[in-house]
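In this chain, residues are counted from 1 in sequence order. These figures come from a predicted structure and were not determined experimentally. Order of listing sets the numbers, starting from 1, for every ligand and every atom in it.
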Amino acid sequence: MKNWSMYIGGRWVGATDGRTYDIINPATAGKVGTAPYGGAEEADLAIDAAVKAFPDWSRRTAKDRASILHRMADLMDERREVLARVITLEMGKPLREALAETKISADYLRWNAEEAARSYGTVIPSPVTGKRLLAIRQPVGPVAAITPWNFPLSMAARKVAPALAAGCTVVLKPALQTPGASVMFAEIAEEAGLPSGVLNLVIGKASAIGERFLQHPGIRKLTFTGSTEVGKLLIRGSADQVKKVTMELGGHAPFIVFEDADLDAAVRGAINSKFRNAGQTCICANRIYVHESIAESFLEKFRSAVNSLVTGDGFAEDTTVGPLIDEHALRFVEEQVRDAMDKGATLVTGGKRVGGCDGYFFEPTILAGVNEEMRITREETFGPVAPVYLFRTEEEAVAKANNTPYGLAAYFFTRDLHRMIRVSEALEYGIVGCNDAVPTTVEGPFGGWKESGMGREGGPDSLSDFLETKFVSIQYETSEGAGAR
Ligand code: NAP
């Protein structure tokens with residue numbers, strides 16, 4: 001049983017009024033720990049600490065900041081087993097997926113450490129003599145970071161690493177369900193020698209903490225990963241002080257299987273993309289479009305692969321699909337399936353919650369005969385349900401794929417090189433996987449088009465969102481003086 005604390009100004013603290021809440025293991029519905037339930041007061045203390053720490057941290061050399069990030073990555077590697085166990089305990093994903101999450105989290109620390117040293121400005125040729133024109137980049141200021149529960153460690157790393165590398169200080173607020181990974185992340189930062197106040201952690205009432213992030217003038221930037229609904233709320237709130245925002249929001253990924261695709265590769269890809277993290281990722285395949293000429297063989301192979309998935313506690317060695325995060329999530333998926341069935345969809349496999357246990361498990365499910373009228377076609381599905389649609393032409397598939405307000409990730413499988421280029425450019429998405437169901441990597445920019453967000457995390461520009469550009473014009477000679485030479 002873990003009793004976590006917040007980390008503010010270099011001190012491990014509880015809520016000022018002593019309030020705590022219980023952390024629940026979604027695989028058993030049992031209590032596995034407690035965490036402090038902070039609010040506006042704790043948020044203010046954390047912001048003040050971040051503001052105080054900013055001048056020193058932002059003036060350190062990039063090399064110095066990078067060496068601390070590298071130490072954090074090394075410590076994270078050393079602790080990967082225990083970190084992974086905390087992730088699985090609090091959010092349920094299979095232990096091997098949690099281990100993979102610790103690896104990519106360390107990668108984010110290393111990538112951004114290296115980017116820090118290459119955060120160049122520009123010297124611009126002056127149109128007049130006697131002037132030196134510079135565009136330099138400086139840290140934006142103290143940053144507030146809000147993360148979701150589905151990747152509790154890697155979302156923290158993906159935000160905190162570039163912020164620290166750029167010279168910003170941070171107040172991190174993890175999701176209520178999964179505070180443990182962020183607490184351990186802060187412990188690692190402390191041990192790696194990060195000065196007090198540079199990283200702060202507040203846990204508790206989201207609306208109160210979020211409000212302080214928006215209203216406190218000390219926070220100059222907000223980086224958020226979560227639902228589009230909350231993202232919009234924060235974008236509106238950020239307008240009062242024109243704070244910079246990065247928004248990584250919801251998705252509704254299409255997954256297109258063309259008639260010339262390698263069917264086995266497409267099935268493997270669909271399994272990977274749809275059922276990883278029990279379907280609880282923003283880039284999960286949510287709508288599977290299959291060319292009508294291959295639909296029968298695809299469905300047969302897909303059903304057999306889905307039926308071989310093993311649903312269970314993430315700590316069990318053979319588990320490939322863990323529980324959903326909570327009862328609310330389970331009910332949401334049940335309702336989407338019921339709605340589709342009521343409107344004429346047919347069940348290929350699965351379709352109901354797993355009985356006989358207290359955890360929040362839903363059977364890996366395939367729905368066929370799905371159409372545009374069903375909720376599952378319009379709403380993000382955060383669960384192990386794969387709706388399959390048929391199409392006849394490439395134009396139809398692309399139009400249907402783009403027919404959503406979301407624009408995070410899209411996938412398609414084909415062997416036709418012309419089509420690879422054509423379709424990847426026609427899809428209105430921030431990330432496109434062509435014959436690749438796992439396109440995300442720290443080296444690539446991650447982010448969405450349309451209502452899936454703004455800004456990018458990772459990739460060659462990962463520090464950009466945490467830097468302001470300053471144009472400096474230095475007149476070192478008057479034009480008269482310059483002319484006299
Ligand atoms: P959520 O309800 O939006 O919560 C995300 C975070 O926002 C949590 O820390 C939550 O705190 C906090 N929050 C909630 N209301 C808030 C408010 N009024 N002010 C400030 N913060 C607030 O999303 P979720 O259900 O946890 O996560 C799933 C969503 O995240 C999905 O839509 C998924 O697609 C998206 N996601 C996107 C990406 C991406 O990179 N684009 C990655 C992962 C997930 P509490 O936990 O205390 O409510």
Could you pull out every donor-acceptor pair under 3.5 Å between side chains of residues 222-229 and any protein atom, sequence neighbours left out?
residue : atom : partner : partner atom : Å
T223    : OG1  : K159    : NZ           : 2.8
T223    : OG1  : E457    : OE2          : 3.3
T225    : OG1  : K159    : NZ           : 2.8
S227    : OG   : V230    : N            : 3.3
T228    : OG1  : G250    : N            : 3.2
T228    : OG1  : E451    : O            : 3.1

Distance in Å, S182 OG paired with L172 CG, rounded so as to fall on 0.5 Å steps: 4.5 Å
Greater than 12 external heavy atoms within 6.0 Å of K343's NZ: yes
With W4 via ring pair (Phe, Tyr, Trp, His ring centres under 6.0 Å) - residues at least two apart: none
Carboxylate-amine/guanidinium proximity below 4.0 Å for E114 and R110: no
Ring pair (Phe, Tyr, Trp, His ring centres under 6.0 Å) against F413, all qualifying residues, sequence neighbours excluded: F255
Between ligand 1 and the protein, tabulate every N or O atom pair separated by less than 3.5 Å, reporting distance only.
residue  : atom   : partner : partner atom : Å
ligand 1 : 3 (O)  : S227    : N            : 2.8
ligand 1 : 3 (O)  : S227    : OG           : 2.6
ligand 1 : 9 (O)  : T147    : O            : 2.7
ligand 1 : 9 (O)  : K173    : NZ           : 3.2
ligand 1 : 11 (O) : K173    : NZ           : 3.0
ligand 1 : 23 (O) : S227    : N            : 3.4
ligand 1 : 25 (O) : W149    : NE1          : 3.4
ligand 1 : 26 (O) : W149    : NE1          : 3.0
ligand 1 : 30 (O) : G226    : O            : 3.3
ligand 1 : 32 (O) : E380    : OE1          : 2.8
ligand 1 : 34 (O) : E380    : OE2          : 2.5
ligand 1 : 40 (O) : R158    : NH2          : 2.8
ligand 1 : 41 (N) : L249    : N            : 3.2
ligand 1 : 41 (N) : L249    : O            : 2.8
ligand 1 : 46 (O) : L176    : N            : 2.9
ligand 1 : 47 (O) : K173    : NZ           : 3.4

